[in-house]
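Report on the following structure.
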2 protein chains.
Amino acid sequence: MAINYEWYKVFYWAAKTGSLSQAAKALYLTQPSVSHAIKQLEEGFGVALFYRTSKGVELTQEGAVLYEYIEQSQILLSLAEEKMAALKNLDSGELRIGGSDSLFKHYVLPYLEQFHERHPGVKLHLNHGTTPEVITFLKEGRIDLGVVRMPIVDQQLQVTESFQLQDCFVAGARYAELKGGVMSLDKLLQYPIILFSRNSRARMTITELFQGYGYSIKPEIEVGSVDLLIEFARRGLGISYVTREFVSKELEEGSLFEVRLDVSLPPSRVGILTMRNMPLSSAARAFIQLVR
Amino acid sequence: MAINYEWYKVFYWAAKTGSLSQAAKALYLTQPSVSHAIKQLEEGFGVALFYRTSKGVELTQEGAVLYEYIEQSQILLSLAEEKMAALKNLDSGELRIGGSDSLFKHYVLPYLEQFHERHPGVKLHLNHGTTPEVITFLKEGRIDLGVVRMPIVDQQLQVTESFQLQDCFVAGARYAELKGGVMSLDKLLQYPIILFSRNSRARMTITELFQGYGYSIKPEIEVGSVDLLIEFARRGLGISYVTREFVSKELEEGSLFEVRLDVSLPPSRVGILTMRNMPLSSAARAFIQLVR
DNA sequence: TAATCGCCATAGATACAGTCTATATCTCCT
DNA sequence: AGGAGATATAGACTGTATCTATGGCGATTA
């Protein structure tokens, strides 16, 4: 006869309380139901598990042996259930996000702070990488979500567009004469341009824009981080193409100013990437909820 | 939603094999059944446990956490089932017997040897004590069965009568003139008598017998072990009242001979005591079977 | 000694849920 | 494009876990 694991729960409580009636109460069952379950177990093993006395039940030798195992097993199961509840409530668990350092710093960080404050039990993992790397991480299951620039076209990915960013050209005091004015593209090209390195989305966007107008933009300087882009512009090494939101502090304090153009630069959006048709962890779901 | 522990078994196999179909095979179920069980679990926890892919399933973060616990739990359960099978087959377990040393030595031992040979995995515990002590042990659950002299009258006890023993008077070379003769009770009383100590059943039996004939038997010597009863008789200190089966060796070799009486001494039986209405351990049941 | 209370066991009815079969959908591979 | 193999879904069925009602047994109390 096959043994139903549900019976073990009944056995556990019967042994623990020393009474079928008590066990029934603890499990919100009736006493005959418990009695029946125990009987099934005993038939299953072909061994008596309890002595029935007038004041309850008592484990037999064999029952006591079984109890040793079942007790441990039941403890594990209740720990498991606690843990799962904790994961669901976000008292526990982890949130793994992929993205670029600049987006982390300027965009994700405030949300992360808020998230961490609200759910201090959830461990945070940040994996930085380029957009294609982030997509790979996602597909390999190494992160729960990615934060990257739009547009992304990938059948396997679910994209949640989010914050809008506006790239622009900025310069420092060295080019103060340009402040307030509006430039044409060909005029701009006469100044030294500082761009982010070749394989970034922003770089591709601006290159295509100039090509669309028949020009070719070639940077004087190429850098690999947004911080350098800003620093070089401040020091007057050229005009940087940078996300306006990332230099809001410098624009405010006046150490940089925007160089406006007579054409409109396309805004870009930040998107949250997740795997399409794959369930999100509670933590990831809560984080996306928070961002929206 | 309440969680059915049976689902954990399904979860375990699904996670272990990485496939609902495989799990179904292992559990002799159909794939939809497994699919359903997993779904129940997921709804119960409010959390996805698996990613479904075209080549099977894979644990989610939360599923992996659950698996840590469930795996341990399932291992314990399978160990439990193994252990119970071992107990039933008598590859394991213990047999606790209560009784007097003399009965152990002369009567139980050969059966125990046989039992041990047949079931070497079963541990043997012998608890010696007087008949009332043995009964107490039994009622306290400290032994599985008792081996004592009959008759026993106790509503709570189940008595299986077994071997028959015959008590008799024996003497050694010092009283060689009595060999072959038949004595009357009053004649016997003129010789020094050696009896087992006051609180034994044999002692009570013989005292009552003499009283029934209007005599009073008073021992010259009282001893506390059967071995001494034999030894004293051999050395000619008197005539011992002893169980014939316990001195079969001495009677054969001639170091003792039986002093026959003109009245018949009642035979006594050895009985196996167990608790009435209480289940026997497999080991105890097997032992009683062996003795019968 | 009778009565009562608190256990567990048993019997029989019922309803739910775990299973099954059949089918749909999706992905991957040829 | 089509087939193989995976999971999901729908709907019917059956088995069994559960309930109510009752009985028996033993201990405790009056």
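None of these values were measured; they are calculated from a predicted model. Letters A, B, ... are given to chains in the order of the sequence lines, protein chains preceding strands, and every chain is numbered from 1.
Taking only side-chain atoms of Ser21(A), from C-beta outward, the nucleotide of dT10(C), dC7(C), dA17(D) with the closest atom is dC7(C). Checking dC8(C), dA8(D), dT27(C) against every side-chain atom of Ser35(B), the shortest atom distance belongs to dA8(D). Residue His36(B) has its side chain nearest to dT19(C) when only dT21(C), dT19(C), dT7(D) are considered. The listed nucleotides are dA11(C), dA8(D), dT19(C); the one nearest the side chain of Leu29(B) is dT19(C).
For the side chain to side chain contact (heavy atoms under 4.5 Å, CB included) criterion with Val147(A), the lone passing option out of Val108(A), Leu273(A), Val291(A) is Val108(A).
In this structure, NZ of Lys25(B) is placed 10 Å from P of dG5(D), rounded to the nearest angstrom. A straight line from CH2 of Trp13(B) to C1' of dT7(D) spans 20 Å, rounded to a whole angstrom. Summarising the geometry, the separation between OH on Tyr51(B) and P on dT27(C) is reported as 17 Å, rounded to the nearest angstrom. Atoms OH (Tyr5(A)) and P (dA17(C)) sit 22 Å apart, rounded to a whole Å. The nearest whole Å value for the distance from the CG atom in Leu49(B) to the C1' atom in dT7(D) is 15 Å. Distance CD (Gln40(B)) to C1' (dT19(C)): 12 Å, rounded to an integer number of Å. Distance CD (Glu43(A)) to P (dT16(D)): 12 Å, rounded to an integer number of Å. Per the geometry, CH2 belonging to Trp7(A) stands 10 Å off P belonging to dT18(D), to the nearest Å.
Between Asn4(B) and dG18(C), a side-chain N or O to OP1/OP2 separation shorter than 4.0 Å is present. Taking only side-chain nitrogens and oxygens, Arg52(B) never comes nearer than 4.0 Å to OP1 or OP2 of dC26(C). Contact between the side-chain N/O atoms of Ser54(A) and the OP1/OP2 oxygens of dG26(D) is not found at any separation under 4.0 Å. OP1 or OP2 of dC8(C) has not a single side-chain nitrogen or oxygen of Lys39(A) nearer than 4.0 Å.
Nucleic acid contact for Glu6(B): none, since no nucleic acid atom lies under 4.0 Å from a heavy atom of the residue.
Ring planes of Tyr107(A) and Tyr111(A): perpendicular class, angle over 60° (limits at 30 and 60°).
At a cut-off of 3.5 Å, with distance as the only test, no side-chain donor of Gln40(A) or Asn4(A) sits close to an acceptor on the other residue.
Between Phe11(B) and Tyr8(B), the gap from one ring centroid to the other reaches at least 6.0 Å.
How far CD1 of Ile70(B) is from OH of Tyr67(B): 10.0 Å, rounded to the nearest 0.5 Å.
The base of dA9(C) lies close enough to the side chain of Gln31(A) for a donor and an acceptor atom to sit less than 3.5 Å apart.
For the pair Thr30(A) and Lys55(A), nearest-nucleotide mapping onto DNA chain D gives the more 5' position to Thr30(A).
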